[in-house]
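Notes follow the structure.
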Amino acid sequence: MSQEVDLTDQLQARREKLKMLMEKGIHPFGGRYERTHDTKEVRSLYASFSEEELEEKNSPVVMAGRLMAKRRKGKAGFADIQDFSGKIQLYVRKDNVGDEQYDIFKHIDIGDFVGVEGTVFKTRVGELSIKVTRFGILSKALRPLPDKFHGLKDVEQRYRQRYLDLIVNPEVKRTFILRSQILKAMRDYLDDLGYFEVETPTLHSIAGGAAARPFITHHNALNIDLYLRIAIELHLKRLIIGGFEKVYEIGRVYRNEGIDTKHNPEFTLLELYAAYDDLRDIMELTENMIGAIAKKVLGKTKITFEDHEVDLAPQYRRVHMVDAIKEVTGVDLWPHLSDKEARELAAEHGVEVSENMTYGHVVNEFFEQKVEETLVQPTFVYGHPLVISPLAKKDPKDPRFSDRFELFILGREHANAFSELNDPIDQRKRFEEQMKEREAGNDEAHVIDEDFLEAMEYGMPPTGGLGIGVDRLIMLLTDSSSIRDVLLFPLMRPKEDH
RNA sequence: GAGCCACUAGCUCAGGGGUAGAGCAUCUGACUUUUAAUCAGAGGGUCGAAGGUUCAAAUCCUUCGUGGCUCACCA
């Protein structure tokens, strides 16, 4: 093997140090190490004391972490170690640790894991530090870390090697801690309301519950193709039928679509269903929950995203889709129009539509092309055309529309909800219409799910349902402009060179 | 899928036809309260890949790769 020859100077130097340690009888990939404190604990326990007080206390600690910086000055030196909770400075003196350990300190590399024993003190300039009495290596890093000052900026490398990003870019770690807190706040909020968390299959024999292209896979033993789920909807509704009155799932869904700053092929969806509720209840739940999560995690509801200020405190504006279109474009789509008249109106106003679109599709196109991006403050848009809402109840006052809303913030869809259709006869008809769309070339139209229809025929209570794109909510709350910044390992094309 | 931009040392970046540069990091030496430590010296590059133009290409052209942004798609 010519591997050794290919190594750069830095990699060679580290391998030589590894060899040196082993020759000294030190195993550079050690085992269990019992710490007494992490850096956060040391700071909260000792930061408030003066130099003299700490001297007097002479408090012993055992700590471990990754070496992030080293400032050697002859027979003594300083180093910074980092653990999950933060960084702390070490002060290592030859006359405190002895020749042998000081020699290890001299040759230790940035990136190595070290374990130290010592006492807490403050330096002349007041920095809380550990005066090391025992110094050892816990694990050797054979590759150098990115620049300690500039961090890792290369976007591709940050996503491909997220561990490096997390080591050197503290704000990245903060985002993912917030992500975890947001999820926890969401669960706490729903659990407190009596919602029941479940897990349903992600392998589906029919990709239903949303309009999207699925990923296809294969089960060998059953010799059947399966789909990764594109929504959670139809299983949770089966549970509503089964008597779970308030139920939710937070889980991954997979859509075989393009990748951009707002889309990743797998993403996290919250779906919840509440028996006996309708659209209005779900609106209130949605705005209350989002407001509560912001308050709990950020301590405020007024947030800044890029250059915009957005207030997530309830109540959010509510507007019918047709009224919203009228507001923005001046076009009144309330009168009954034939499909052809609707398409002509669209053409007149620069709204792109295709031949086979009906009145309902045209209304939707008007909204998406003209209105969506204008909705900056949280806004519930309700009354979506029935043809694009095959799982929602019909508006009893106007059968062209449905009891559905979407929540828009900063021009982006954040939630989608219905008064759920619970009439199995109507549901079959809607599915059949979807199948017609499918045959006409819309490969994202819903397919008939006979098993789900059968379940509904046993009786489904009136139900309100909600879906929230969790990653987008996290983007909003962490001021992240790309979905990749809130996903630990966003999907990337595999690298070929190793 | 289309347009624009980027790709140079481990990392962050200069250099835009004429011998490949800096800071950090690395190596050697000095330094016992420094903190982007300091000082002195040294090493490190197939300039994303392949073609082309040219006496001469990191630099200009073409194709390809990877990524970013915008658009399209994603109700």
Side-chain angles (χ1 to χ4, degrees), chain A residues 7-14 16-17 51 68-80 87-97 102 107 109-111 121-129 131 141-161 164-165 167-169 210-213 230 255-265 267 321 352 357 360-369 372 381 384-392 402 404 406 413 416 434 437 442-446 469 481-482 484 490 492-497:
Chain A
L7 296 178
T8 66
D9 58 337
Q10 306 221 29
L11 298 192
Q12 275 178 31
R14 284 174 184 245
E16 272 156 30
K17 287 176 184 173
E51 278 176 59
M68 297 303 287
K70 198 168 100 171
R71 298 174 289 279
R72 244 178 32 80
K73 298 173 52 70
K75 295 183 180 61
F78 294 88
D80 299 332
K87 274 187 197 175
I88 196 152
Q89 178 171 263
L90 307 179
Y91 181 45
V92 185
R93 292 170 61 123
K94 194 171 188 173
D95 54 14
N96 284 345
V97 297
Y102 194 75
H107 293 101
D109 284 311
I110 289 169
F121 82 113
K122 268 186 182 169
T123 63
R124 273 179 208 155
V125 289
E127 172 143 356
L128 196 69
S129 308
K131 195 174 286 176
L142 294 177
R143 291 173 184 268
L145 294 181
D147 189 288
K148 65 177 170 185
F149 186 63
H150 297 95
L152 183 63
K153 295 224 170 108
D154 183 284
V155 182
E156 182 176 354
Q157 204 179 351
R158 285 186 44 225
Y159 296 151
R160 286 192 193 277
Q161 294 179 280
L164 293 178
D165 196 23
I167 292 166
V168 299
N169 295 329
R213 270 181 280 258
I230 57 173
R255 295 186 182 175
N256 207 338
E257 314 274 6
I259 299 176
D260 62 31
T261 49
K262 293 170 207 73
H263 298 86
N264 192 66
F267 62 102
M321 185 176 281
E352 277 182 51
M357 281 184 175
H361 293 110
V362 171
V363 170
N364 187 50
E365 290 302 317
F366 258 98
F367 177 75
E368 287 190 356
Q369 292 178 40
E372 226 178 81
V381 175
H384 295 56
L386 197 75
V387 283
I388 60 157
S389 313
L391 300 166
S402 64
R404 173 180 180 183
E406 288 179 307
E413 179 194 340
N416 183 23
Q434 286 289 307
E437 281 204 28
N442 179 1
D443 57 359
E444 289 176 354
H446 293 237
S481 54
S482 170
R484 293 180 209 102
M492 302 287 278
R493 192 183 288 274
K495 257 217 143 123
E496 283 181 4
D497 62 347

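Keep in mind it's a predicted model, so treat the numbers as computed, not measured. Order of the sequence lines sets the chain letters (A, B, ...), proteins ahead of strands, with each chain counted from 1.
Distances shorter than 4.0 Å separate some side-chain N or O of A/T261 from OP1 or OP2 on B/U70.
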Kindly determine whether A/D80 and A/R71 satisfy salt bridge (charged side-chain N to carboxylate O under 4.0 Å, His left out), including the steps that lead there. CA-CA 9 Å; A/D80 299 332; A/R71 298 174 289 279; 3.1 Å; yes
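Between the NZ atom of A/K148 and the P atom of B/G10 there is a distance of 19 Å, given to the nearest Å. Between the NZ atom of A/K70 and the C1' atom of B/A36 there is a distance of 17 Å, given to the nearest Å. With rounding to whole Å, A/N416 atom CG is found 14 Å from B/C74 atom C1'. B/U66 atom C1' lies 13 Å from atom CD of A/Q157, rounded to whole Å. For the pair A/E156 CD and B/U66 C1', the interatomic distance rounds to 5 Å; values are reported in whole Å. Rounding to whole angstrom units, CG of residue A/D165 and P of B/C11 are separated by 14 Å. Going from atom NZ of A/K94 over to atom C1' of B/A30 covers 14 Å, rounded to whole Å. As rounded to whole Å, 16 Å separates atom C1' of B/A37 from atom CG of A/L90.
The P atoms of B/U46 and B/C11 are separated by 12 Å, rounded to the nearest whole Å. Going from the C1' atom of B/C74 to that of B/C4 covers 22 Å, rounded to whole Å. Using C1' as the reference atom, B/U54 and B/C13 are 30 Å apart when rounded to the nearest Å. When the P atom is used for both B/A20 and B/A40, the distance is 27 Å, rounded to whole Å. When the P atom is compared between B/A50 and B/U26, the two are found 32 Å apart, to the nearest whole Å. Remark: the separation of the P atoms in B/C7 and B/C61 is 14 Å, to the nearest Å. Spacing of P atoms, B/G15 relative to B/U59, comes out at 15 Å, to the nearest Å. Spacing between B/A25 and B/A36 at atom C1', rounded to whole Å, works out to 12 Å.
Between B/U35, B/G67, B/C31, one nucleotide has an atom nearer to the side chain of A/Q89 than all others, and that is B/U35. For A/L152, counting side-chain heavy atoms from C-beta on, the closest listed nucleotide (B/U33, B/C74, B/U12) is B/U12. Of the candidates B/G10, B/U32, B/U26, the closest approach to any side-chain atom of A/K73 belongs to B/U32. Picking from B/U70, B/G68, B/U35 the nucleotide with the shortest atom distance to the side chain of A/T123 gives B/U35. Comparing B/U34, B/U66, B/A36 against the side chain of A/R124 picks out B/U34 as the nearest. The A/R493 side chain lies nearest to B/G67 when the options are B/G67, B/C69, B/C11. Nearest to the side chain of A/H150, among B/G68, B/A36, B/G10, sits B/A36. Relative to the side chain of A/A13, the nucleotides B/G67, B/U26, B/U33 differ in distance, and B/U26 lies closest. Closest approach to the A/R71 side chain among B/U34, B/G44, B/U70 is made by B/U34 (side chain taken as heavy atoms from C-beta onward).
Using a 4.0 Å heavy-atom distance criterion, A/H446 is classed as a base contact. Across all strands, A/Y159 comes closer than 4.0 Å only to sugar-phosphate atoms, never to a base (heavy-atom distances). Using a 4.0 Å heavy-atom cutoff across all strands shown, A/R93 reaches at least one base atom of the nucleic acid. Backbone-only contact: A/G151 has heavy atoms under 4.0 Å from sugar-phosphate atoms and none from a base. Residue A/R213 is classed as a sugar-phosphate contact, given heavy-atom separations below 4.0 Å to backbone atoms only. Within the 4.0 angstrom heavy-atom criterion, base atoms lie near A/P390. Among the protein residues, A/E127 comes within range of the nucleic acid bases, having at least one heavy atom under 4.0 Å from a base atom. Looking at heavy-atom distances under 4.0 Å, A/D260 makes contact with a base. Using a 4.0 Å heavy-atom cutoff across all strands shown, A/R484 reaches sugar-phosphate atoms only and no base atom. Within 4.0 Å of A/E413, counting heavy atoms only, lies no atom of the nucleic acid at all. The residue A/I388 sits close to a base: some heavy atom pair falls under 4.0 Å. Backbone-only contact: A/K17 has heavy atoms under 4.0 Å from sugar-phosphate atoms and none from a base. Note on A/K75: a base of the nucleic acid sits closer than 4.0 angstrom, heavy atoms only. When heavy atoms are screened at a 4.0 angstrom cut-off, A/R72 is found touching base atoms of the nucleic acid.
Put simply, the side chain of A/Q10 does not reach to within 4.5 Å of the side chain of A/D109, judged on heavy atoms. Residues A/E257 and A/H263 fail the side-chain proximity criterion, which asks for heavy atoms closer than 4.5 Å. Between A/P144 and A/I110, the closest side-chain pair of non-hydrogen atoms is not below 4.5 Å. The shortest side-chain heavy-atom distance between A/M68 and A/K148 does not fall under the 4.5 Å cut-off.
For B/G16, the base adopts the syn conformation, since its glycosidic angle falls within 90 degrees of zero.
Contact between A/V387 and A/E437 at its shortest, heavy atoms only, is O-OE2, 4.0 Å.
If you run side chain to side chain contact (heavy atoms under 4.5 Å, CB included) between A/P146 and each of A/N169, A/L152, A/D165, A/D154, only A/L152 comes through.
Between A/Y91 and A/F121, the ring planes lie tilted relative to each other; the angle falls in the 30° to 60° range.
No hydrogens or angles considered: a donor-acceptor pair under 3.5 Å links the side chains of A/N416 and A/R404. Of the N and O atoms on the side chains of A/H361 and A/N364, not one donor lies less than 3.5 Å from an acceptor on the other residue.
Summary of the strand contacts: A/S389 and A/F121 both lie near RNA chain B, and taking for each the nucleotide with the nearest heavy atom, the more 5' one is attributed to A/F121. Toward the 5' end of RNA chain B, the nearer of the two residues A/A69 and A/R160, judged by each one's closest nucleotide, is A/A69.
For the side chain to side chain contact (heavy atoms under 4.5 Å, CB included) test, residues two or more places apart in sequence or in another chain that qualify with A/Q161 are A/Q157, A/Y163, A/L164.
Atom CD of A/E352 and atom CE of A/M357 lie 9.5 Å apart (nearest 0.5 Å).
Put simply, the side chain of A/D95 and the base of B/U32 share a donor and an acceptor less than 3.5 Å apart. Evaluation of atom-type donor-acceptor distances gives a pair under 3.5 Å for the side chain of A/D147 against the base of B/G23.
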Let me check I have this right: for RNA chain B, each base becomes ., (, ), [, ] or |, based on Watson-Crick or G-U pairs with both distances under 3.5 Å. What is the full string? ((((((((.[[[[.)..(..]]]].(((((.......))))).....[[[[[..)....]]]]])))))))....
